[in-house]
Engineer: 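The structure is given below, and queries will be raised subsequently.
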Amino acid sequence: MSNDQSQPFISETNKHSLDQRPESPQRPLKFPKVNDDAGDDVVEGEEQKESVTRTMNPNPRLQRYLIAIEYIGTRFAGAQQQPNCRTVVGVLQEAFQKFVGQPVSVFCSSRTDAGVHALSNVCHVDVERISKRKPGDVLPPHEPLVVKRAVNHFLQKNEGDIMVIDVRCVPADFHARYKAQERTYFYRLLSGPEPVSSFERDRAWHVPENLDLLAMQKACNILIGRHDFSSFRAAACQANSPIRTLDELNVIEVVSTPFFPSISERIKSSSVMEDPTVSLGSDTNHSQISLNTNEEKLEGSNGEACQEFGLRRRHRCFAVTARARSFLYHQVRLLVGVLKSVGAGDLTDPDVKRILEAKSITAAPPMAPACGLYLGHVKYDLPPETNQS
């Protein structure tokens, strides 16, 4: 991988736009060739066993670590390593090499697409601790906290858009991708006619329409469960089967971020501190506020509410949660595309059923953009901590 001299972890090609995903990303041989950006298709049977076995290394000096990472996906061309692109795995491998002094291979549980973020993606990596003074000496593995601090030290010298949040020692046969029991994804939508805030750019999907929360919640109930999700599967998906079990799909309205208390909220909070019997929900005569928009509204001369100068009109913010063992390629973004169309009034419940039963992506509306998608959590049944004494 070529390195820029002034920025050791950034590829020369980082000068190019990373908005588009390369058509033929290079995949490690240890992985079956499966595309996805929302949890990986889990391959069953002998193919999976062979892939897991090939990643095991009997070298007693090697310690396998499970690494949880967070990252802002905007400037990454995806999680999986690709030639001539800045990727999550590529940057992480370079940081590890700076730490241990030799190349390592990092394997992700979920191979997110360009622009997709992660609150917690999980990888595994094998590290051999070599004595710098006596290369032949066998040293005990680094403690997880040492790995976390050292790797973050080198990551922060990069763009500062990726960080290790947790490290754990695991057995040599523990595979971050195939041992995953469940993946949870979140998707953020901002609803309202106002232009998207600079603080929210590339962090959510902005739609100008006013979305109907109840309608979207009803649509979720149609899609939950075990179905043939061919209508929610990108044409490039190479999964063996479109059958998936969607354990959870819901949408709720949340406070948009960043959130700061309004004048009325500060007054209410002060009142509670002075008199605990005062309810936070009680009315005041100072101003009116909508928790969803965080707007300060004052009473004008004509008695009508008006927006105070210099305060931005905030969007309504909706968070979609999708949870399953694995997902098809672009499945979550296609599901969100349908929910948005329902919320905007373009589709109804019968339309959602029709799209699901059509078993063709041509029946679905356009998928949601990558910028609003977050890998939230990867669940494992972790073994006891490896004894490093």
Engineer: For F259, is there any backbone N or O sitting under 3.5 Å from a side-chain donor or acceptor partner on T257?
Structural biologist: no
Engineer: What pairs of residues pass the side chain to side chain donor-acceptor pair (under 3.5 Å) test when at least one of them lies in residues 367-380, not counting sequence neighbours?
Structural biologist: none
Engineer: Does R86 come within less than 4.0 Å of E159, counting only side-chain N to carboxylate O?
Structural biologist: no
Engineer: Check whether D212 reaches the backbone of A215 with its side chain - one donor and one acceptor, N or O, closer than 3.5 Å.
Structural biologist: yes
Engineer: Spell out, as yes or no, whether a donor-acceptor pair under 3.5 Å connects the side chain of Q331 to the backbone of S326.
Structural biologist: no
Engineer: Return the CD to CZ distance between Q238 and R233, rounded to the nearest 0.5 Å.
Structural biologist: 9.5 Å
Engineer: One pair to check against salt bridge (charged side-chain N to carboxylate O under 4.0 Å, His left out): E209 and K340. What are the steps and the verdict?
Structural biologist: CA-CA 9 Å; E209 300 93 340; K340 177 265 180 184; 3.6 Å; yes
Engineer: List the atom of F229, the atom of L246, and the distance in Å for their closest heavy-atom pair.
Structural biologist: CZ-CB, 4.1 Å
Engineer: Do S110 and T112 have side-chain N/O donor and acceptor atoms under 3.5 Å apart?
Structural biologist: no
Engineer: Under 4.5 Å between any side-chain heavy atoms of L92 and V151, yes or no?
Structural biologist: yes
Engineer: Do D202 and H117 have side-chain atoms, one donor and one acceptor, less than 3.5 Å apart?
Structural biologist: no
Engineer: May I ask you to check whether N250 and E248 show a side-chain donor-acceptor distance below 3.5 Å?
Structural biologist: yes
Engineer: If you compare all heavy atoms of H142 against all heavy atoms of V147, which two are closest, and at what distance to 0.1 Å?
Structural biologist: CB-CG2, 3.7 Å
Engineer: Are L249 and L213 connected in the hydrophobic side-chain network, where two residues link if heavy atoms are under 4.5 Å apart?
Structural biologist: yes
Engineer: To check you understand the geometry: which heavy-atom pair defines the closest contact between S231 and L334, and what is its length?
Structural biologist: O-CD1, 4.5 Å
Engineer: Look only at the side chain of H124 and the backbone of L66, and say whether a donor-acceptor pair between them is shorter than 3.5 Å.
Structural biologist: no
Engineer: Any heavy-atom pair between the side chains of S197 and R312 that's under 4.5 Å?
Structural biologist: yes
Engineer: Using side chain to side chain contact (heavy atoms under 4.5 Å, CB included), reason through V125 and F107 one step at a time and then give a plain yes or no.
Structural biologist: CA-CA 7 Å; V125 59; F107 301 93; over 6 Å; no
Engineer: Any chain of hydrophobic side-chain contacts (each under 4.5 Å) joining W205 to V196?
Structural biologist: no
Engineer: Kindly say whether G192 contributes a backbone atom to a donor-acceptor pair with the side chain of H206 at under 3.5 angstrom?
Structural biologist: yes
Engineer: Distance check, rounded to the nearest 0.5 Å: L119 atom CG versus I165 atom CD1?
Structural biologist: 8.0 Å
Engineer: Output the distance between atom CG (L214) and atom NZ (K218), rounded to the nearest 0.5 Å.
Structural biologist: 4.5 Å
Engineer: Using a 4.5 Å cut-off on heavy atoms from C-beta on, say whether the side chain of D346 contacts that of P365.
Structural biologist: no
Engineer: Just by distance, do the side chain of Q82 and the backbone of A77 share a donor-acceptor pair under 3.5 Å?
Structural biologist: yes
Engineer: Give the minimum heavy-atom separation between V88 and F76, together with the two atoms involved.
Structural biologist: N-CD2, 3.5 Å
Engineer: Can you find a heavy atom in the side chain of R201 that is under 4.5 Å from one in the side chain of T74?
Structural biologist: no
Engineer: For the residue pair V338 and L335, establish whether any side-chain heavy-atom pair is separated by less than 4.5 Å.
Structural biologist: no
Engineer: Measuring only between side-chain heavy atoms, which start at C-beta, is L145 closer than 4.5 Å to V167?
Structural biologist: no
Engineer: Tell me whether V91 is reachable from V104 by hopping between hydrophobic residues (I, L, V, M, F, W, Y) whose side-chain heavy atoms are closer than 4.5 Å.
Structural biologist: yes
Engineer: Considering only NZ, NE, NH1 and NH2 on the basic side and carboxylate oxygens on the acidic side, decide whether E200 and R188 come within less than 4.0 Å.
Structural biologist: yes
Engineer: When rounded to the nearest 0.5 angstrom, what is the spacing between CG in L339 and CG in L189?
Structural biologist: 8.5 Å
Engineer: Please confirm whether the backbone N or O of I243 pairs with a side-chain atom of S241, one donor and one acceptor, at under 3.5 Å?
Structural biologist: yes
Engineer: Let's go through F99 and F154 carefully: what are the C-alpha distance in whole Å and the side-chain angles of both, what is the deciding distance for ring pair (Phe, Tyr, Trp, His ring centres under 6.0 Å) to 0.1 Å, and is it a yes or a no?
Structural biologist: CA-CA 8 Å; F99 169 41; F154 292 107; 7.3 Å; no
Engineer: Looking at E128 and Q102, what are the two nearest heavy atoms and their distance?
Structural biologist: O-NE2, 2.9 Å
Engineer: Should Q63 and C169 be marked as a side chain to side chain contact (heavy atoms under 4.5 Å, CB included) after you check the CA-CA gap, both sets of side-chain angles, and the distance that decides it?
Structural biologist: CA-CA 7 Å; Q63 172 63 57; C169 296; 3.5 Å; yes
Engineer: Do R168 and P144 come within less than 4.5 Å of each other through their side chains, counting heavy atoms only?
Structural biologist: no
Engineer: Could you tell me if the side chain of V127 sits less than 4.5 Å from the side chain of L62, heavy atoms only?
Structural biologist: no
Engineer: Residues two or more places apart in sequence or in another chain: which of them pass side-chain contact (heavy atoms from CB on, under 4.5 Å) with A364?
Structural biologist: I355
Engineer: Give me the atom names and distance for the closest heavy-atom approach of R64 to D126.
Structural biologist: NE-OD1, 2.8 Å
Engineer: Any sub-3.5 Å donor-acceptor pair from S270's side-chain atoms to R266's backbone N or O?
Structural biologist: yes
Engineer: State the CD1-SG distance between I69 and C123, to the nearest 0.5 angstrom.
Structural biologist: 4.0 Å
Engineer: If two hydrophobic side chains count as joined below 4.5 Å and joins carry through other members, does F186 share a cluster with L328?
Structural biologist: no
Engineer: Report the C-alpha separation of N121 and Y71 in whole Å, then their side-chain angles, then the decisive distance to 0.1 Å, and conclude whether the side chain to side chain contact (heavy atoms under 4.5 Å, CB included) test is met.
Structural biologist: CA-CA 8 Å; N121 197 349; Y71 51 86; 3.1 Å; yes
Engineer: Do any N or O atoms from the side chain of R183 and from the backbone of R325 form a donor-acceptor pair under 3.5 angstrom?
Structural biologist: yes
Engineer: Give the C-alpha distance, both sets of side-chain angles, the deciding distance and a yes or no for side-chain hydrogen bond (donor to acceptor under 3.5 Å, both in side chains) between R316 and S191.
Structural biologist: CA-CA 5 Å; R316 297 178 68 188; S191 170; 5.6 Å; no
Engineer: Less than 4.0 Å between a side-chain N and a carboxylate O, is that true for R354 and D349?
Structural biologist: no
Engineer: If two hydrophobic side chains count as joined below 4.5 Å and joins carry through other members, does L190 share a cluster with V116?
Structural biologist: no
Engineer: Would I361 and S230 count as a side chain to side chain contact (heavy atoms under 4.5 Å, CB included) here? Give the steps.
Structural biologist: CA-CA 6 Å; I361 191 173; S230 293; over 6 Å; no
Engineer: Within the side chain of Q156, is there an N or O that forms a donor-acceptor pair under 3.5 Å with the backbone of I162?
Structural biologist: yes
Engineer: If I take atom CG from residue L155 and atom CG from residue D161, how far apart are they, to the nearest 0.5 angstrom?
Structural biologist: 9.5 Å
